[in-house]
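Report on the structure given below.
Residue numbers begin at 1 in each chain, while the letters A, B, ... track the order of the sequences.
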Amino acid sequence: MATETLTMGKALNRGLRRALEDDSKVVIMGEDVGKLGGVFRITDGLQKDFGEDRVIDTPLAESGIIGTAVGLAIRGYRPICEIQFDGFVYPAYDQIVSQVAKMHYRSQGRLRIPMVIRIPFGGGIGAVEHHSESPEAYFAHTAGLKVVSCGSPQDAYTMIRQAIASDDPIVFFEPKRRYHEKGVVELDTPLSAAEPLHASRVVRPGTDATILAYGPMVRTALDAAQAAAEDGRNLEVIDLRTLSPLDLGPVFESVRRTGRAVVVHEAPGNLGLGAEIAARVTEECFYSLESPVLRVTGYDTPYPAARVEEEYLPDLDRVLDAVDRAFGW
Amino acid sequence: MATETLTMGKALNRGLRRALEDDSKVVIMGEDVGKLGGVFRITDGLQKDFGEDRVIDTPLAESGIIGTAVGLAIRGYRPICEIQFDGFVYPAYDQIVSQVAKMHYRSQGRLRIPMVIRIPFGGGIGAVEHHSESPEAYFAHTAGLKVVSCGSPQDAYTMIRQAIASDDPIVFFEPKRRYHEKGVVELDTPLSAAEPLHASRVVRPGTDATILAYGPMVRTALDAAQAAAEDGRNLEVIDLRTLSPLDLGPVFESVRRTGRAVVVHEAPGNLGLGAEIAARVTEECFYSLESPVLRVTGYDTPYPAARVEEEYLPDLDRVLDAVDRAFGW
Amino acid sequence: MAKGESKVGAARPPAPGPSDGAESRIPNADVPAGGFVQLLTPDGDHVDSVTAADGTTYSVDFTDEEYRGLYRDMVTVRRLDAEATALQRQGELGIWASLLGQEAAQVGSGRALRTQDMAFPTYREHGVLYCRGIDPIMPFGLFRGVDQGAWDPNEFKVNMYTIVIGAQTLHATGYAMGINMDGKTGTDDGEAVIAYFGDGASSQGDVNEAFIWSAVFNAPMVFFCQNNQYAISEPLERQTRIPLYQRAAGFGFPGVRVDGNDVLASYAVTRHALDRARNGEGPTLVEAYTYRMGAHTTTDDPTRYRIASEVESWKAKDPIARFRAFLGKQTLADEAFFAEVDAQANEVALNLRERVLEMPDPKPLSLFDNVYPNGSPHLDAQRDQMAQYLDSFEGSAH
Amino acid sequence: MAKGESKVGAARPPAPGPSDGAESRIPNADVPAGGFVQLLTPDGDHVDSVTAADGTTYSVDFTDEEYRGLYRDMVTVRRLDAEATALQRQGELGIWASLLGQEAAQVGSGRALRTQDMAFPTYREHGVLYCRGIDPIMPFGLFRGVDQGAWDPNEFKVNMYTIVIGAQTLHATGYAMGINMDGKTGTDDGEAVIAYFGDGASSQGDVNEAFIWSAVFNAPMVFFCQNNQYAISEPLERQTRIPLYQRAAGFGFPGVRVDGNDVLASYAVTRHALDRARNGEGPTLVEAYTYRMGAHTTTDDPTRYRIASEVESWKAKDPIARFRAFLGKQTLADEAFFAEVDAQANEVALNLRERVLEMPDPKPLSLFDNVYPNGSPHLDAQRDQMAQYLDSFEGSAH
Ligand SMILES: Cc1ncc(C[n+]2csc(CCOP(=O)(O)OP(=O)(O)O)c2C)c(N)n1
Ligand SMILES: Cc1ncc(C[n+]2csc(CCOP(=O)(O)OP(=O)(O)O)c2C)c(N)n1
Ligand SMILES: [Mg+2]
Ligand SMILES: [Mg+2]
């Protein structure tokens, strides 16, 4: 089996390339996805090799990108739409929430919109406003969409291919600050043999408390677990991977063992993923919990200026602080 | 003091009229708000009395409504924007989330956007798709916006005036299926003497369990409490009134007494208001809870066809069923 | 009647062209400032052909039978529409959006579609669906509240109704881009797309983005705007200060205004635009200048925002009356024919009524169906919970 | 030099008018198909006046001192821009959006504003801010990452930068509607608004809605589109197939294309449009035809999508070089003057650098400030929590 060490960005690129090769109906659309290869180079080289009809530089209008992709999907295409940055998805919100999410339902299953909406998301890159948002809760709250996020190069490669192959409309959140982190990627595992797209996964087994994370915070959670281990605390880390539907079976199992859970995400806490997870974990593990499910999240402010974002974002220390609080409850 | 029996719709109309009278900078904008008085007649007669510059029929484009209102606000106006139905707010989502919500923050307090975005929301009126949505979570998750909902004619009259008088940008959710329900409205209480806008309120005191509701579900919760009383169960009902920020002090106090809480809303449960409330109540009242906070909400599907909406929407029976489950935990 | 037979002496209407931009709507004049393409006057006089400012000549070439067919179409869709309004009044529909007054625009454009063409309607194009040969009951699920469209756009070559104003114009454009990508343009039997929308919709960002997209990608598109003078209560002046068809020029493709109460002109102009599109010549905007004779929907009260005399003046331009006059003048049809058409339309309407009343209500648990092609364990659990809950009530059968 | 003094024999450029729609950009020609308003040729020859297709005659009437002032403005903003780029390379700014090549469009339009006018910039209008007399450090908070604009639009009559493409055009339109509502239009000293945006932005729904709104409400607006030929990597052809200035006609107001590398024409056309607006004649679209000489931003690599020869060909049209040639030819300035301007610009830039380096980082707890005018107990609690948390670290001072 072929393995290669790839950055997450390159892994995504390879996954997209595979999808373009495997299915002639797959097309990529977005701003600057052609010659430039996208501002993050995730589509690098693809237009050159697959042509302007398969990798389409679009006019600068996000509603147009998603709206025309709906039409292409009705025509039988499988569009992959790139939204350049998290903060620029909102002009397309109506098309996503009222059209993409509902077409299958409205048609009573007669129509499928096998669309993937790729969104580089999250902060920590020192960017100006609108370039560091974590809007996943908006989409996870929307019935009819599925939402996933990858936390490693391997998952990036596999999950993007699974998402493209899926007939469900999927919002695919890419942790942009992890684009440059490397990992070994197994390239040839058939999709059928890979872990399912909508499954969470224990990425570090442990016994004392359960840390839940996704996307950019998986690395942070693992680092925290590493640090805690040095202090003699054995944390289990679960990469949620699928944000809607959530796959909480492994979480319940874990929390019943550990009795404590901390959810970590960059998005504001108020009505974020952490709220839903806390509510459900509490309901399912009521008599196992030694402390309430705690949340380590972005604060309930707009994303702040870059020079203060490190204070805004959850980090190793804040995760460990929450674990301490859970133990001290 | 003048009191009148008014429907909620008429109470809102009176509140808007008062605001137009009290402050010449207040303007109303939206589709069909002029001669027609809005499709729900909430602005009935206002253009006739205040003129086309104060009550503005706009082109048919929601982003335009909110975007131009931002400009008017910069110019010193206090725009009240009517979104015709819940499902039509999404084209304006970008302007609301990236502009309205952030202007004050970005300007470090130098700019204020004293805007009220009125949205008739919720189902139960037998409407076609896009006319029965409950999108409040999208806005409550958005830092920089405040979100409220009225549950009675008196609150409708007072809260709309308070919202207009506030310098915060406020999304004001009106429970459209309650527009025709009547109540006695005290018209002359000065705003300064009224209950604050961002406060929840016990609307029926009780001892056995706490029911939390807002907007259209306040009536449902009260009906459920009434029915429960006949079975000897004494439910406390709290009208949340403010959805962002939540005012959970009275809720914590109540749950510490009752030990059980049920949150009710029409919006899908997944990442809805109920999730946040459950998470926070659990955190604050961990040792008082006899059962997890339960949620009675719309299901995690798109809003269904009208002839099945009664099954989708929380009703008295589902609320009582949840109370039973809380007691049986 | 074949082309060229009619030489009725109707004054040739002003050709479409730039107006002064000051007054876009003169409700009491037969012809709006800026003119339009008209082949049939309100009195039923037929001109052979009309040449627009851009040099395009429009005419039709129907057999007698086809002329009578257009009449039958219009009468039938009006009759069905009236039945729907009655059904709503009787509580059998949640709401109804009437096409009254817009029969010519819908039948003319609908009949102009070739089999391979694809239509993206709003919520009012019952007449277009009818012309596609679709069972008239199809849109009633939505208005009765038993479903939300529930048909396969590809089966009928008509997308589901779209209620969010303007959204479908982008879908149509994307579909049309797909036609280009499939190499199905550039010949006489290429495919084309028609997107319907209203005068109000012309203000939505989405519609203007669709103009941009279709121009940039040279999509085989016809943007068919039924300017029925109102967006609910708002007159056209709230959306534009010049005639709508001129919007297209700013995006680099032709716009043409047609008398939307003239079924022949509506046909001719749409057919020409569709054929341009299928031949690879890109998009066209057609503004069908017409009038919504009834309320916006059954919940609307138009007396609040428009005066009776305006409605009256448009009655004189009724699309069916004028076509009937034309058929009579040309002795293409007699009273017996008209009576037979009415009778048949009546029968279709009564049959429809019966079937609407029989439409089954959806089963409670069906609200969980078809949220995702691949399903969701989360929803399966919710469905099971609901089933259990319903079972807890005596005698429930869900 | 007063109007009429110069009779340089420059060939009159083609007047703006409808092009054939086929080719909107001929990078290597001096004048794009469809023409533009030009008062100063790339060689620095000045024509007295030019009359556009719509009959409008454009000219300028500056004193010698004012001419020199325009030169000083352009040199200074270019020098400041270079300093910013350097600061970014040295890690002192997070990113920088350079205006290199667009100095004439920005200084020309910026100087055309009257005191009472209001500007809504994108993220690249550093030159416009400069012309409004604003401390050049103002936009640096954003690019350094210490704030997100942080100025009061009403104090400087310049809105904060807007990064979400096109959003500000609606804000501008609303503000302009407010001018009408305040009765501040219809006279020579009325107020007007200018909204800046790019060629790419012209595709956004918001921008087209702004066109509609401003036409319907006859808002005192100038839509100033700097067509710098690219939206990041995408050439103009991805946004339109006809010249952009023609977009306006479809909405019912005038559009004019100006040589955006000609500061005099940029001034004249903008001034005229603003004066129309303030006088109650409604909106105008100005397309300033120019070129982004540098990268989109400091993170961009333009070699991936455009060829060196294209950049070279535009160097020949450099807005500053041509203005310098003009000043020289007209003996309005000598080498000493040019040297003095360079020296002064240098000084301003070095001063700016110093102050940028001194900009204080925001305090951690400040991230909770100004979320709501009326505050929020929920946020107060979060702030307190964070303060406590920070206190738990030794030696923290927040
Ligand atoms: C995005 C959106 N906003 C508002 C509405 C409510 N609405 C339904 S129809 C309508 C007017 C549409 O006018 P027009 O486009 O002229 O079409 P017509 O109904 O006249 O055929 C409005 C405002 C909607 N359906 N979608
Ligand atoms: C809504 C939105 N989508 C995407 C972007 C990312 N983006 C930033 S600048 C830019 C190109 C803008 O091009 P143009 O309007 O021509 O202005 P220019 O940068 O050339 O001055 C893009 C796509 C954005 N800022 N906002
Ligand atoms: Mg209309
Ligand atoms: Mg540009």
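Using a 4.5 Å cut-off on side-chain heavy atoms (C-beta onward), A:Leu271 and B:Leu271 make no contact. For the pair A:Phe88/B:Asp94, no side-chain contact is recorded, criterion being any heavy-atom separation below 4.5 Å from C-beta on. At a threshold of 4.5 Å between non-hydrogen side-chain atoms, the residues B:Tyr90 and A:Tyr90 do not count as touching. Under the 4.5 Å side-chain criterion, counting only non-hydrogen atoms from C-beta, A:Glu283 is not in contact with B:Thr282.
In this structure, no portion of B:Ser63 lies under 4.5 Å from any heavy atom of chain A. Only the side chain of A:Glu133 comes within contact range of chain B, with heavy atoms under 4.5 Å apart. For A:Glu290, the part lying under 4.5 angstrom from a heavy atom of chain B is the backbone only. With a 4.5 Å cut-off on non-hydrogen atoms, A:Ile277 does not touch chain B at all. Only the side chain of A:Phe286 comes within less than 4.5 Å of a heavy atom of chain B; its backbone N, CA, C and O stay farther away. In this structure, the portion of A:Val293 lying under 4.5 Å from any heavy atom of chain B is its backbone and not its side chain. Contacts of A:Ile96 with chain B are absent, with no heavy-atom separation under 4.5 Å from either backbone or side chain.
Among B:Ser244, B:Gly274, B:Ala140, the residue making the largest number of heavy-atom pairs under 4.5 Å with chain A is B:Ala140. Most heavy-atom pairs under 4.5 Å with chain A, from the set B:Gly269, B:Pro268, B:Ala278: that is B:Pro268. Contact tally against chain B (heavy-atom pairs below 4.5 Å) for A:Val89, A:Val97, A:Leu246: the top residue is A:Val97. Note on A:Ala92, A:Ala267, A:Ala275: by heavy-atom pairs under 4.5 Å with chain B, the leading option is A:Ala275. Per-residue heavy-atom pair counts under 4.5 Å with chain A were compared for B:Ser98, B:Gly144, B:Pro135, B:Gly87, and the maximum is reached by B:Ser98. Ranked by heavy-atom pairs under 4.5 Å with chain A, the list B:Pro245, B:Pro292, B:Ala101, B:Ser291 is led by B:Pro292.
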Report task. Apply side-chain contact (heavy atoms from CB on, under 4.5 Å) to B:Tyr138 and A:Phe139, showing your working. Result -> CA-CA 9 Å; B:Tyr138 296 132; A:Phe139 300 98; over 6 Å; no
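In this structure, A:Glu129 pairs ionically with B:Arg106, as a charged nitrogen and a carboxylate oxygen lie closer than 4.0 Å.
Across every non-hydrogen atom of A:Glu276 and B:Gly272, the tightest pair is OE1-N, 4.5 Å.
Looking at A:His141, its side chain never comes within 3.5 Å of a backbone N or O of B:Ala137 through a donor-acceptor pair.
Residues of residues 296-307 of chain B having a heavy atom under 4.5 Å from any heavy atom of chain A, listed by number: B:Asp300, B:Thr301, B:Pro302, B:Tyr303, B:Pro304.
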